[in-house]
Amino acid sequence: MAKLESYVTKAFNKPIRECSDAELYKAILDLVADRSDGLNTHHNQKKKLYYFSAEFLIGKLLSNNLLNLGIYDEVNNELIANGKSLMAIEEAENEPSLGNGGLGRLAACFVDSITTLGINGDGVGLNYHFGLFRQVFKDNNQKAVPDAWITENSWLKKNKKSYEVKFGRFSLNSTLYDINVLGYKHNKRNRLRLFDLDSVSSDIIEEGTIHFDKGNIEENLTLFLYPDDSDHSGELLRIYQQYFMVSNGAQLVIEEAIERGSNVHDLDEYAVIQINDTHPALVIPELIRLMITDHGIKFDEAVGIVRRMVAYTNHTILAEALEKWPMSDLDLVCPDAAHIIRRLDELVQNDFPNNNAVKIIDEHGRAHMANMSIHYGYSINGVARLHSDILKNTELKHFYDIYPEKFNNKTNGITFRRWIMDCNPELATYLDQLIGSEWRTNSDLTPLLDYQDDISVNTKLRAIKFTNKQRLKAWLDVHQGVEIDEHSIIDIQIKRIHEYKRQQMLALYVIHKYFSIKSGNIPKTPITIIFGGKAASAYTIARDIIHMILTLSQIIDNDPDVNKHLKVVFVENYNVTAAQYLIPAADISEQISLASKEASGTGNMKFMLNGALTLCTLDGANVEIAERVGRENIYIFGKQSSEIVDIYANNSYNAHDYYYRERIKPLVDFILSPGMLYLGDEERLRRLHSDISNKDYFMALIDLEEFIDTKEKMYADYEDHDRWTRRVIKNIGEAGYFSSDRTINEYNEDIWHLEQENKAIKK
Ligand code: 26V
């Protein structure tokens with residue numbers, strides 16, 4: 001039956017082949033909306049999960065929704081029969097700009113898995129009109145411009161619900177938008193609940209920038225995700241956003257619980273809230289406030305209820321990301337919640353007198369959101385085993401000493417729907433042929449391990465990789481006007497730009513390789529090194545790193561001795577869509593953070609699943625990947641996390657000890673070479689050179705020599721194609737553990753304890 005055709009006829013009254021891609025996008029949107037409305041929510045279940053998160057980096061939804069509804073092939077075939085392509089149509093869809101990095105993408109994988117496993121659970125967040133920002137490159141620099149992703153035809157559906165949020169000096173009424181979340185071949189749906197304000201206005205944004213009047217809360221509240229908080233008005237705006245999110249969310253939780261039969265005294269039997277890092281931590285005092293003022297519950301009872309219904313996930317140990325809000329700011333934005341925070345702190349001080357490390361409000365009058373979340377939540381988890389151990393033994397040791405039972409680990413995962421079925425259809429189909437399609441529901445890829453020595457499988461996997469390289473090449477050409485060699489080794493580092501992730505270390509390797517090729521060592525196979533990622537606008541050194549890499553890439557492009565053998569690409573505006581092209585094409589996955597600093601990483605899992613080999617430090621989930629694939633199937637270098645923790649504790653790192661080494665100094669000094677200074681911005685390059693050679697807080701130089709040697713070995717090993725592909729097979733075969741279905745199953749068993757209709761995962 002021509003399913004799409006009827007929607008096309010209804011909307012445009014013409015045949016499919018005469019429609020534009022934008023029109024077809026609209027028609028498919030209608031089709032999916034109808035199908036989704038036919039699915040019911042879990043209205044018959046008593047308890048519900050609310051995943052509170054400042055970010056949901058969901059990516060484009062068109063093909064993913066078709067896939068999850070099980071009608072992808074049907075619609076695709078109908079389009080093909082009419083000379084149309086789903087891939088082209090998806091170009092008409094803007095990627096929602098509701099997230100920033102790993103934490104946001106994890107939240108998106110989680111809502112997919114929660115729904116697929118048949119758990120009653122919604123995501124709660126904000127509807128940012130212009131997202132984080134769109135990254136454009138100009139004069140080898142990052143420029144941040146508003147990302148106007150919301151169009152007339154989008155997945156957002158206006159909901160009638162609205163709540164009043166009382167700030168200190170004024171009140172605002174919210175608007176709620178929902179986005180349906182469809183699980184894989186499951187007959188129930190959940191929703192993303194995104195709060196917004198009708199009064200928000202783009203008119204206050206300075207043309208072509210992301211600057212605006214930060215004091216005008218009514219008009220700016222949901223304009224951007226993480227607006228610059230380097231001044232006081234910016235910091236206040238962040239708190240306004242957070243309080244707006246949680247006050248709406250808490251009112252929604254209570255209202256829905258009452259609808260399901262709660263008398264609020266038993267709220268914890270009806271709802272569980274997972275707070276994704278500390279951005280939503282204010283939900284704790286807000287729930288208590290609402291129970292007291294709207295439902296006549298006494299403070300002590302309300303505290304008890306909250307203590308049984310809130311759980312907290314920590315995603316980083318970086319000090320800069322541990323939120324501490326001045327009480328004076330909280331008094332201004334949300335005085336009633338601030339008052340409750342003071343009472344919560346008093347309770348802590350009574351229970352743990354003279355234990356300064358666990359106070360909520362410190363001696364400077366700042367409220368520590370993580371501390372509050374640990375005291376008043378019933379669970380605290382890290383996101384990979386190493387990270388959870390560091391929390392227990394180092395960063396949060398004082399809390400572990402008093403609440404050992406609250407601490408647990410939930411190693412991250414990724415949804416296989418998006419990260420193989422959708423982005424790598426050739427590989428997914430080939431896996432079906434080889435091992436049957438059960439992996440699509442149980443994430444078990446171990447049957448593939450039987451084929452490690454099968455030459456035909458080897459050959460086919462390489463052919464699939466080549467197809468994916470061709471697809472990436474075409475996409476880069478269209479989107480950035482960059483040409484890559486589809487026969488080259490594709491070596492990728494994609495993630496937010498941060499010194500601890502050490503993009504600068506990979507850039508120093510590029511300089512090494514440039515010298516090496518200049519001196520006549522021609523690589524057997526050409527090499528393409530691809531970077532992608534945004535730098536926070538106020539993070540100067542991160543922007544310097546982008547500038548250095550773009551300038552370096554230009555030098556290499558301009559050098560006829562080198563440009564046939566080495567190419568460096570910085571993908572503009574890296575996002576989920578870009579990742580879906582990049583990851584399936586990769587041979588080498590760069591996971592090179594300073595050990596102890598990357599809580600988990602999830603890109604590492606996506607690359608592994610798509611048949612890249614990992615080059616990594618023993619950090620985050622790399623440790624667990626290495627354990628599963630075995631040391632012979634992964635490339636590990638660099639200092640161990642325990643060594644790094646000691647070096648920080650003893651303050652014993654001196655960049656000069658490394659900078660002056662014979663192999664290192666020429667590489668770092670190339671940043672200030674005449675060629676670089678000629679093409680680049682002297683101020684940026686000098687600042688970066690000085691930072692790396694004198695300070696290097698995140699120790700790029702400490703592991704540089706080992707990194708270079710390991711990379712050289714890796715490129716040499718690539719030449720033995722059969723052996724390389726054997727190891728690729730081992731990596732894909734062991735990736736099943738990193739399915740977010742496994743992660744969510746663990747959250748549910750250990751923390752949420754909700755009904756779960758679908759247990760189809762293999763442990
Ligand atoms: C903190 C801040 C503070 C300053 C303003 C903006 C901002 C934005 C986000 C954050 C929290 C960042 C935490 C985060 O994204 N962690 C990442 O979480 C991933 C999922 O668990 C994990 O794989 C990554 O290793 C970890 O860096």
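Each ligand, and each atom within it, is numbered from 1 in the order the structure gives. Positions are given from 1, in the same order as the sequence printed here.
Scanning the protein heavy atoms around atom 15 (O) of ligand 1, the nearest turns out to be L103 CB, 3.3 Å. If you check which protein heavy atom lies closest to atom 9 (C) of ligand 1, you get Y226 OH, 3.5 Å.
Listed here is the closest heavy atom pair of I546 and A535: CD1-CB, 3.8 Å. In terms of heavy atoms, E286 sits closest to A337 at OE1-CB, 4.5 Å.
Seen from the ring of F399, K406 does not count as a face-on cation partner, given the 6.0 Å and 45° thresholds.
A salt bridge links R385 with E627: the closest approach of a Lys/Arg side-chain nitrogen to an acidic carboxylate oxygen falls below 4.0 angstrom. Using a 4.0 Å cut-off between a side-chain N of Lys or Arg and a carboxylate O of Asp or Glu, D703 and K639 do not qualify as a salt bridge.
N748 places a side-chain N or O within 3.5 Å of a backbone atom of L754 that can act as its donor or acceptor partner. Here the side chain of K214 pairs no donor or acceptor atom with the backbone of F212 at under 3.5 angstrom.
Between E323, R238, Q591, it is R238 that holds the heavy atom closest to atom 5 (C) of ligand 1. The heavy atom nearest to atom 2 (C) of ligand 1, out of those in H279, H315, K501, is found in H279. Across the listed options E598, H498, R105, E598 owns the non-hydrogen atom lying nearest to atom 25 (O) of ligand 1. Between atom 22 (C) of ligand 1 and the options G601, G620, G102, the minimum heavy-atom separation is to G601.
Counting heavy atoms under 4.0 Å from ligand 1, residue T313 does not touch it at all.
Ligand 1 has no N or O atom lying under 3.5 Å from any N or O atom of E55, backbone or side chain. Of the N or O atoms in V383, none lie within a sub-3.5 Å distance of an N or O in ligand 1.
Near A321, the atoms of ligand 1 lying under 4.0 angstrom from a non-hydrogen atom of the residue are 1 (C), 3 (C). Under a 4.0 Å criterion applied to the non-hydrogen atoms of Y500, ligand 1 contributes the atoms 27 (O). Atom numbering of ligand 1 starts at 1 in the shown order; those under 4.0 Å from a heavy atom of A599 are 25 (O).
Not a single heavy atom of G101 sits under 4.0 Å from any atom of ligand 1.
Of the residues listed (D228, D229, D329), the one engaging R238 in a salt bridge (charged side-chain N to carboxylate O under 4.0 Å, His left out) is D229, and it is the only one.
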Taking it one step at a time, do T602 and N412 satisfy side chain to side chain donor-acceptor pair (under 3.5 Å)? CA-CA 7 Å; T602 45; N412 283 164; 5.7 Å; no

